[in-house]
Undergrad: 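Can you keep this structure in mind? I'll have questions shortly.
Within every chain, numbering begins at 1; the chains are lettered A, B, ... in the order of the sequence lines, protein sequences first and strands thereafter.
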Amino acid sequence: LGSCGSGGSTEAAAANGAQAAGRAPQNYAAVIKGLDNPFFQTMKQGIDDQAKTSGATVTVQAANSITDTTGQADKLNGLAGQDFSCYIVNPISGTNLIQGLAKLSMMNKPVVNIDSPVDPTAAKSANVKLATYVGTDNREAGKMAGQRMTTVLPSGGDVAAIGGIAGDVTSGARIEGFTQGVGKNVKVVQTVAADWDRQTALTAATNVLRAHPNLAGFFVANDDMGLGVARAVADAGKTGKVKVISVDGIKDALQAVKAGTLEATVAQYPYTIGQMGVEACQAATSGKTLPASVAAPVELVTKDTADKALASTPKPFGPYQDPYKTLTK
Amino acid sequence: MTNTTTLRASGGPNWSHRLKDAGFWAEWAALVGLIVLVIVFQTLNPTFLSPGNIASMLVAAAILIILAVGQTFVIATAGIDLSIASVMTLGAVVFGQMYEGGHGLGVASLMAVVSAGVAGAVNGVIVARGRITDFIVTLGMLSAASGLALILSDGKPVTVIDPLLLRLSTSGIGIFGWSFVIAIVVAVVAHVVLFHTRFGTHLLATGGSPESATAMGISTARIKIAVYLISGLLAGIGAILLVGRIGAAEPAANTAFLLNSVAAVVLGGVSLFGGRGTIVGPFFGALLLIALVNGLTLLGVSQFYQPLAVGIVVVLAALLMRFQK
Amino acid sequence: MTNTTTLRASGGPNWSHRLKDAGFWAEWAALVGLIVLVIVFQTLNPTFLSPGNIASMLVAAAILIILAVGQTFVIATAGIDLSIASVMTLGAVVFGQMYEGGHGLGVASLMAVVSAGVAGAVNGVIVARGRITDFIVTLGMLSAASGLALILSDGKPVTVIDPLLLRLSTSGIGIFGWSFVIAIVVAVVAHVVLFHTRFGTHLLATGGSPESATAMGISTARIKIAVYLISGLLAGIGAILLVGRIGAAEPAANTAFLLNSVAAVVLGGVSLFGGRGTIVGPFFGALLLIALVNGLTLLGVSQFYQPLAVGIVVVLAALLMRFQK
Amino acid sequence: MTEQPQVAEQTGQPSGDVLLSCDDVSLSFGNVRALVDVSLTLRPGEITALVGDNGAGKSTLVRCISGIHRPDSGTITFDGRRTDFHSPEDAREAGIETVHQNLALVEDLTVWQNLFLNREIVRRLGPVGLLDRRAMQSRAREMVSALAVNVPAVGSRVRRLSGGQRQAVAICRAAGFSSKLVIMDEPTAALGVQETARVEELVFRLRDEGHAVLIISHNFAQVMRLSQQVWVMRAGRCVGGRRTAETTGEEIVGLVTGAIGS
Amino acid sequence: MTEQPQVAEQTGQPSGDVLLSCDDVSLSFGNVRALVDVSLTLRPGEITALVGDNGAGKSTLVRCISGIHRPDSGTITFDGRRTDFHSPEDAREAGIETVHQNLALVEDLTVWQNLFLNREIVRRLGPVGLLDRRAMQSRAREMVSALAVNVPAVGSRVRRLSGGQRQAVAICRAAGFSSKLVIMDEPTAALGVQETARVEELVFRLRDEGHAVLIISHNFAQVMRLSQQVWVMRAGRCVGGRRTAETTGEEIVGLVTGAIGS
Ligand SMILES: Nc1ncnc2c1ncn2[C@@H]1O[C@H](COP(=O)(O)OP(=O)(O)OP(=O)(O)O)[C@@H](O)[C@H]1O
Ligand SMILES: Nc1ncnc2c1ncn2[C@@H]1O[C@H](COP(=O)(O)OP(=O)(O)OP(=O)(O)O)[C@@H](O)[C@H]1O
Ligand SMILES: [Mg+2]
Ligand SMILES: [Mg+2]
């Protein structure tokens, strides 16, 4: 199991932690998205683990739900009034945290943006300075899924997309990417909103299968819903015939890929994003200049790679770039 | 003279009288709405009434029906159980933890129902003894139960693949999946309890006029505790079906079930001000809501237009209830 | 003889009497709860009462206060506006489309308020003329308004960076941000309307006893339409503040506002059964909810334990209202 | 049907001014025929009584006259014009004030708010009219203490009042505003001796001021004492009318029970 | 205070059996002193009347006896035992049935459901008890037609009944179940002549069967007709008691208004 990237990072981080213990303990704050989705749990785990190894404390706060834009803003404002040396933010939308961030920038607090990007024009006009951004392009992730769909459906066919809450930015970007990624032969015949909920996705997929008996595949905007869709496909006795591809790479999904109920998942490694966020904070607080933007690892996990992915989860199984690590050395 | 007078006022209810009766319409409005909806959808897309689609609608409706029945009991006492969906989540998480801990299906199911029942009973005790409005208590429980679910599960879903549990939603009698059969049984028992037991009458009296009920020696506090307990227990049963349906126990909030359960009850002609209630009404109300989403998806209505369509249809269905007053 | 009798029964309300009066406690319970909460948080974390934190709490509370005021009007007539949050979303999207279309801040704001007002008026007309229960009508509007918002915006957010709009939440008078000042003005006007105009009295009569109000020649239909219109207009004002606050007009509904607005009203001592109402109560109810989340965040209560803590504190705060009966 | 002509003959009503007349008013609730072809007239400056057993349809008739129900058939003429009240608002505007049997009070409002409901005293402040609470309170205090013995505080909610106190409030409200016709549905049912005497004084005063008063009562002594004209209802029909001066309590009882006139 | 001893002397009550006695019962609502040191006694097999102006505190006393309010001070002794009813349930169990002034009916339930509220007839089916609707309906029909003239359908909701029909239902309920004491708070206020007569017969029958009856009424003729003992309340106090046979209507009026005894 040559997961050199992750293995190396743990050792380095441990060494780093020992080194950091010599300095004054660092105090960071993080504001992430929802509570009840495993994706963000894993992100929190990455933050916590990295904090432990590097001897920093990180206060992690999350919005009540994935739609709670102002609630998330309130939480950032609450934290902004306190003495943290660096802030990690994963905003629900491109702009909902702008005011809190403007306040932080005025106080010259470094801000690390992870996962969902802050809208650049909004940031500029509000004088928000971001130390760095680390995350994955949701559109790219969707595109990878689309390409995979084209590969597994060589003769083409009709597919449906199951999204999160209608109008949600992340869901929109992933589905848009998927649509761009599929070849000419594959046609997206229906898009349904399933509110990021497994049960709703199950019901929706059951209905879509009924409406399109010849459906060849589903693209699902996250794994949790993807598992519900896979269940719907299984209930209809079409496992393997109807390909389900989703995005996120949570553990249950990797297992489902291994078992063959999910065709593939585009793993985005929130754990690593969280880790890198803390590393970025460390680098920023020690005065290093950070790269403006770092692409977090994205991997397509299929049946062939599922074992590898499972073994190294929540970290990526392949190598990836982590420029912050060198900066914190 | 007295004789004819008596006849004038006390003549037995005949059919034309029933048709003019407000309560009658309220009770059956949801069914009428459902029938209209079915006709429209069937005309537009013949797969709608295919046995397969009916079967999957009924299975999808099972959880909502059970929650709506629990909600009916609470609403008939002029309360509202905002925590019903998150108590179900709590039950599901408890189920998952038990199952993962190797306790087997029976124990896990029992614990799911018990924990949800306890949450319901806590609601009831605080409402009845603390004399706090139902809305706030169950809003607090909504928050507390989802918090507990998150803490217990550490925010992570547990995959539960149990062949027996799986059969709840995949097999059954003809087009009636087992989970729908369970929902039917729950509804029938609830109907008997509401209309053929002393408890049911006392419940309606408590909802209709708490002062009068108290003056007649009915302990409204005990009734309140009982209805919230029932609501909790039914949420627990719903939790088992939910775990069976999605094959996992998740701490996800399931907020859609909350508003839908209340909507099913109100569409079923039950007044939020208490004192009146039926079980048939909410039963068909739940089916109506499920059929609506199913039909719109079958017709391929775009995701942006679906909420608009749902809103309009719900109001139109309720127009059938305008005879209520 | 008659004289002493009169005195016995009609003695002016004095202070000890007021303290025993249920209505008094209901009205001020939210304030008492808020004060207790502030003391606890301040003891545990001294930054809680720092001017900066107070200022950001007040700004955060502004939208909720405005929605809670709208909700109070509706609830005082024994209705409920479930669509208040999605009508606000609709208003925000209209604002965004107008702004993007180059119509400038004034026109965009006006259209936001007008469109939200129209949605509210539609609620009111259907409730009053169609004689459908408030719950179903506004549930339908909840769905329909979010659908409209999605259709209008094609599901995409519009970034609105306007220096003037930004100042609503970033500057103000001392620690009172402009958006909070707007909320205060709204609350004061609402208080005057509710307690010092004929409309206010008729509104409370409609909520307390629709039959009696009708018998006295009050058009309850007109009152119903008016309160939903008001609720819609206030949702429109809320939409402007929301766009200013999050710097964008987003079509995805912010559902938290719905339950929070009702919770603020009920915590403020207003009965969901109508006929009674205050503005101070819901005002402090909204502040209480905001302070609670802020304080828990400041204390660094873990995200899993926060919902649990919120639930418990909400119920405890409501215990202060137990004197209500 | 057979009794109709006989009744029409025996109304006891002399010709002359008529303020209100009901002609063949009928109303059914489901299969309960609450009113069957009811015809009667009321004259200004007179106290008219309406009597009948429980469930005879008296209150239903009152609710038709004051605009709460609309008759299924038949016409109501008020002040020379055929009326078609769509709501109690119309009736109040036309000059009909009513004390309903259920009193039509709003429990959660205070005594003074109930007294001035939809008749509020307003101070104009430019375009807006603000309630003159002080004026209403002091007027209310006067109005209530004229009728009640144990006067309730005008600022207390109606929910707290005793049965008789409530009734006093409802009567004050109907009597307190200028109107052509005051209808009182069992106004003294819950009242004590002293209060009843005051209400009877009030009724006389209203008559002397030229109002027409329609009073429903089960107390025949009171009916004989107060009224100039009596109408009797039985099982939804108006079975007779008499000038009070020309009849006796026994005849009225006979009409009510059906011993006479059927 | 000064009148207390005088009153105690003039109760008119002979010594002997006592079913219920109130001793110095007081209750205040905020600053309204609804009951001030009220003492009175009730004897079995007798009809006792309680009279007084509106707002004198009669209904409040009844609500204390039937367990709705708990007195601030004072004791109530029933059937030889000192009672401390925490709820109307306790009082009903001890054998006190009450017709409240507000009737305590549930508007949305039918007539028969109201009649049998918390006294339902149940058929045992193994462990579960199912309502015997048919039995209750036919019993209800009998009970109501014994009192009412225009008998309402027992299956119709109380909301639809006329004022008198409701009152008849409430009286039937209190009289229909075995009890030691039946309290009636203005039972005939809304009733017609015939119905009132039937209720009076019912009251006599109850007495003859050995029940104690406490009746509140503003109709002094009725009080003189029915009762053996009268208690008078004024402004929250019990200002006197008389044997009915030894007093006159005028004396009672005097006690009520305060012309006598203050
Ligand atoms: N809304 C209604 N729906 C159905 N039936 C009704 C309704 N209102 C009245 N009734 C019935 O109509 C008949 C007449 O009722 P009404 O109230 O007019 O009687 P009333 O003469 O006023 O009697 P009372 O002296 O008891 O007040 C009764 O049998 C009553 O049950
Ligand atoms: N719950 C309450 N809160 C406040 N005051 C009350 C309450 N109940 C009664 N009162 C007051 O207590 C006094 C006595 O009321 P009660 O109802 O006992 O009078 P009553 O003798 O029954 O009069 P009536 O003949 O009019 O029924 C009244 O002044 C009334 O306003
Ligand atoms: Mg009547
Ligand atoms: Mg009384």
Undergrad: If you tally heavy-atom pairs under 4.5 Å against chain D, which of C/Ala215, C/Gly275, C/Gly207 wins?
TA: C/Ala215
Undergrad: Give the member of D/Thr98, D/Asn102, D/Leu105, D/Ile68 that has the highest number of heavy-atom pairs under 4.5 Å with chain C.
TA: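 Between D/Thr98, D/Asn102, D/Leu105, D/Ile68, the count favours D/Leu105.
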Undergrad: Looking only at non-hydrogen atoms, find the nearest pair between D/Val106 and C/Gly208 and report the distance.
TA: CG1-CA, 4.1 Å
Undergrad: Taking all atoms of both residues into account, what is the closest heavy-atom pair of D/Arg92 and C/Gly217, and its distance?
TA: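 Result for this residue pair: CD-N, 4.5 Å.
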Undergrad: Using non-hydrogen atoms and a 4.5 Å limit, figure out which bit of C/Val192 sits close to chain D: side chain, backbone, both or neither.
TA: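 C/Val192 touches chain D through side-chain heavy atoms alone.
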Undergrad: CD/D/Glu97 to CE/C/Met216 distance, rounded to the nearest 0.5 angstrom?
TA: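 If I round to the nearest 0.5 Å, the distance is 7.0 Å.
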Undergrad: For chain C, which residues of residues 127-137 of chain D have at least one non-hydrogen atom nearer than 4.5 Å to it?
TA: D/Gly129, D/Leu130, D/Leu131, D/Arg133
Undergrad: Applying side chain to side chain contact (heavy atoms under 4.5 Å, CB included), run through D/Glu89 and C/Arg222 and close with a yes or a no.
TA: CA-CA 12 Å; D/Glu89 205 175 355; C/Arg222 229 175 292 152; 3.7 Å; yes
Undergrad: For C/Phe195, is it the side chain, the backbone, both, or neither that has a heavy atom closer than 4.5 Å to a heavy atom of chain D?
TA: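 Both the backbone and the side chain of C/Phe195 come within 4.5 Å of chain D.
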Undergrad: Would you compute the distance between atom CG of D/Leu103 and atom OG of C/Ser212 and round it to the nearest 0.5 angstrom?
TA: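 That separation rounds to 8.5 Å.
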Undergrad: Under 4.5 Å, counting heavy-atom pairs only, tell me which of D/Gly155, D/Ser87, D/Ser156, D/Ala104 racks up the most with chain C.
TA: D/Ala104
Undergrad: Any ion pair linking D/Glu107 and C/Arg276 (charged N to carboxylate O, less than 4.0 Å)?
TA: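 A salt bridge is absent here (no side-chain N lies under 4.0 Å from a carboxylate O).
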Undergrad: Would you give the length of the straight line joining atom CG of D/Leu109 to atom NE2 of C/His202, rounded to the nearest 0.5 angstrom?
TA: 10.0 Å
Undergrad: Rounded to the nearest 0.5 Å, what's the gap from CG on D/Asp108 to OG on C/Ser271? Could you check?
TA: 7.5 Å
Undergrad: Strictly less than 4.5 Å between heavy atoms, which residues of residues 114-121 of chain D line up against chain C? Please order them by number.
TA: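 Residues in range: D/Leu117, D/Asn118, D/Arg119, D/Glu120.
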